[in-house]
Amino acid sequence: MDKSLGLDNALLVGSEDQETPPQEPFYTRPWSRWYPGEQRLAGVPVARTIALILAISVALSGAVYVNVLCTVGMKWIFGISLAASCVALLFTIVADSPVSFPSTWTFHKINRVPSSLCAFACFYQAVLFGVVVALVISSVLVNLFELKDLFDWECEPEHESKWNA
């Protein structure tokens with residue numbers, strides 16, 4: 001922790017046996033110095049990789065869901081909130097800096113949170129971020145457009161669909 005702020009390392013939970021993260025930005029360091037103290041398999045951090053694969057899966061399934069929505073307003077609301085929450089989620093998983101908002105994996109790891117709970121904390125924060133963005137975008141769109149234009153149904157009725165032959 002920074003002594004110039006008048007804070008001591010003893011104030012951090014579990015700071016007595018934790019490594020202090022490097023001070024230079026993580027993306028300027030060589031790959032071998034990223035994520036110190038994490039379990040690795042062939043040089044790749046295992047828990048973060050699993051969380052990153054899950055995050056990519058969530059992003060892709062969310063994009064498929066947004067694509068099948070039947071109103072323009074819902075596509076905009078869910079699409080923008082999905083993009084914002086995915087960016088926040090990727091940042092919280094990949095960043096090797098102890099940032100408190102959005103709280104990164106490294107921030108939780110420094111405060112002695114197990115790796116599985118670090119993943120849950122990152123996903124939880126991304127969901128909250130997405131809900132807030134969805135509320136903001138929906139309130140802006142409702143104020144800018146008429147509701148009948150925003151939520152005009154564009155899908156075919158089920159009995160006229162080409163899938164129900």
Side-chain angles (χ1 to χ4, degrees), residues 1-69 73-142 144:
M1 189 60 80
D2 191 9
K3 296 281 188 181
S4 65
L5 296 175
L7 301 174
D8 189 13
N9 279 342
L11 296 176
L12 283 175
V13 176
S15 63
E16 61 274 354
D17 60 353
Q18 292 291 324
E19 293 181 23
T20 305
Q23 297 301 321
E24 72 266 11
F26 72 96
Y27 50 84
T28 62
R29 298 190 307 258
W31 173 250
S32 61
R33 290 183 48 214
W34 283 26
Y35 316 124
E38 291 194 17
Q39 294 178 350
R40 294 174 179 260
L41 182 63
V44 177
V46 176
R48 286 190 198 234
T49 304
I50 292 171
L52 189 62
I53 290 169
L54 286 174
I56 292 170
S57 172
V58 167
L60 292 176
S61 62
V64 168
Y65 175 73
V66 167
N67 192 36
V68 298
L69 288 172
M74 295 306 284
K75 283 184 181 184
W76 276 97
I77 292 167
F78 283 124
I80 293 172
S81 65
L82 176 70
S85 62
C86 286
V87 167
L89 179 60
L90 292 178
F91 172 76
T92 60
I93 292 172
V94 173
D96 193 24
S97 304
V99 179
S100 60
F101 181 78
S103 59
T104 61
W105 188 296
T106 305
F107 176 80
H108 294 294
K109 187 177 77 172
I110 285 175
N111 289 305
R112 296 185 127 195
V113 176
S115 290
S116 60
L117 294 180
C118 288
F120 284 123
C122 291
F123 278 91
Y124 175 73
Q125 187 136 10
V127 167
L128 289 180
F129 196 74
V131 167
V132 169
V133 170
L135 290 173
V136 169
I137 294 299
S138 62
S139 64
V140 168
L141 289 177
V142 165
L144 290 178

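What's counted below: heavy atoms across the whole structure, side chains too, no hydrogens, waters or symmetry copies. Position 1 is the first residue of the sequence; numbering continues from there. As the structure is a prediction and not an experimental result, all values here were calculated from the model.
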Donor-acceptor list for residues 74-82 side chains, cut-off 3.5 Å, not counting sequence neighbours:
from: S81; atom 1: OG; to: I77; atom 2: O; distance (Å): 3.0
from: S81; atom 1: OG; to: F78; atom 2: O; distance (Å): 3.2

Only pairs under 3.5 Å count here: list side-chain donor-acceptor contacts from residues 113-121, not counting sequence neighbours, and write none if there are none.
none

Euclidean distance, H108 NE2 relative to S100 OG, rounded to 0.5 Å: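 Answer for the OG-NE2 pair, S100 versus H108, is 9.5 Å.
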Can you find a heavy atom in the side chain of [X] that is under 4.5 Å from one in the side chain of [Y]?
X: T92; Y: S103; answer: no
X: I93; Y: L89; answer: yes
X: D96; Y: E38; answer: no
X: L69; Y: Y65; answer: yes
X: F91; Y: P102; answer: yes

Is a side-chain N or O of S57 found less than 3.5 angstrom from the main chain of I53, in a donor-acceptor match?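 Answer holds: no.
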Sidechain-backbone polar pair: Y35 side chain, V94 backbone, donor-acceptor under 3.5 Å: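 Yes, because the side chain of Y35 sits within donor-acceptor range (under 3.5 Å) of the backbone of V94.
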Heavy-atom pair with the smallest gap, counting every atom of [X] and [Y]:
X: I110; Y: P98; value: CD1-CB, 3.7 Å
X: A88; Y: F129; value: CB-CD2, 3.7 Å
X: G73; Y: L141; value: O-CD1, 4.3 Å

Are there more than 12 heavy atoms of other residues, nucleotides or ligands under 6.0 Å from atom CG of L144?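 Counting neighbours around CG of L144, more than 12 heavy atoms of other residues, nucleotides or ligands fall under 6.0 Å, so yes.
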Kindly indicate, with the supporting measurements, whether the criterion side-chain hydrogen bond (donor to acceptor under 3.5 Å, both in side chains) is fulfilled by R40 and T49. CA-CA 10 Å; R40 294 174 179 260; T49 304; over 6 Å; no
Check the pair I50, V46 against side chain to side chain contact (heavy atoms under 4.5 Å, CB included), reporting the backbone distance first and the verdict last. CA-CA 6 Å; I50 292 171; V46 176; 4.0 Å; yes
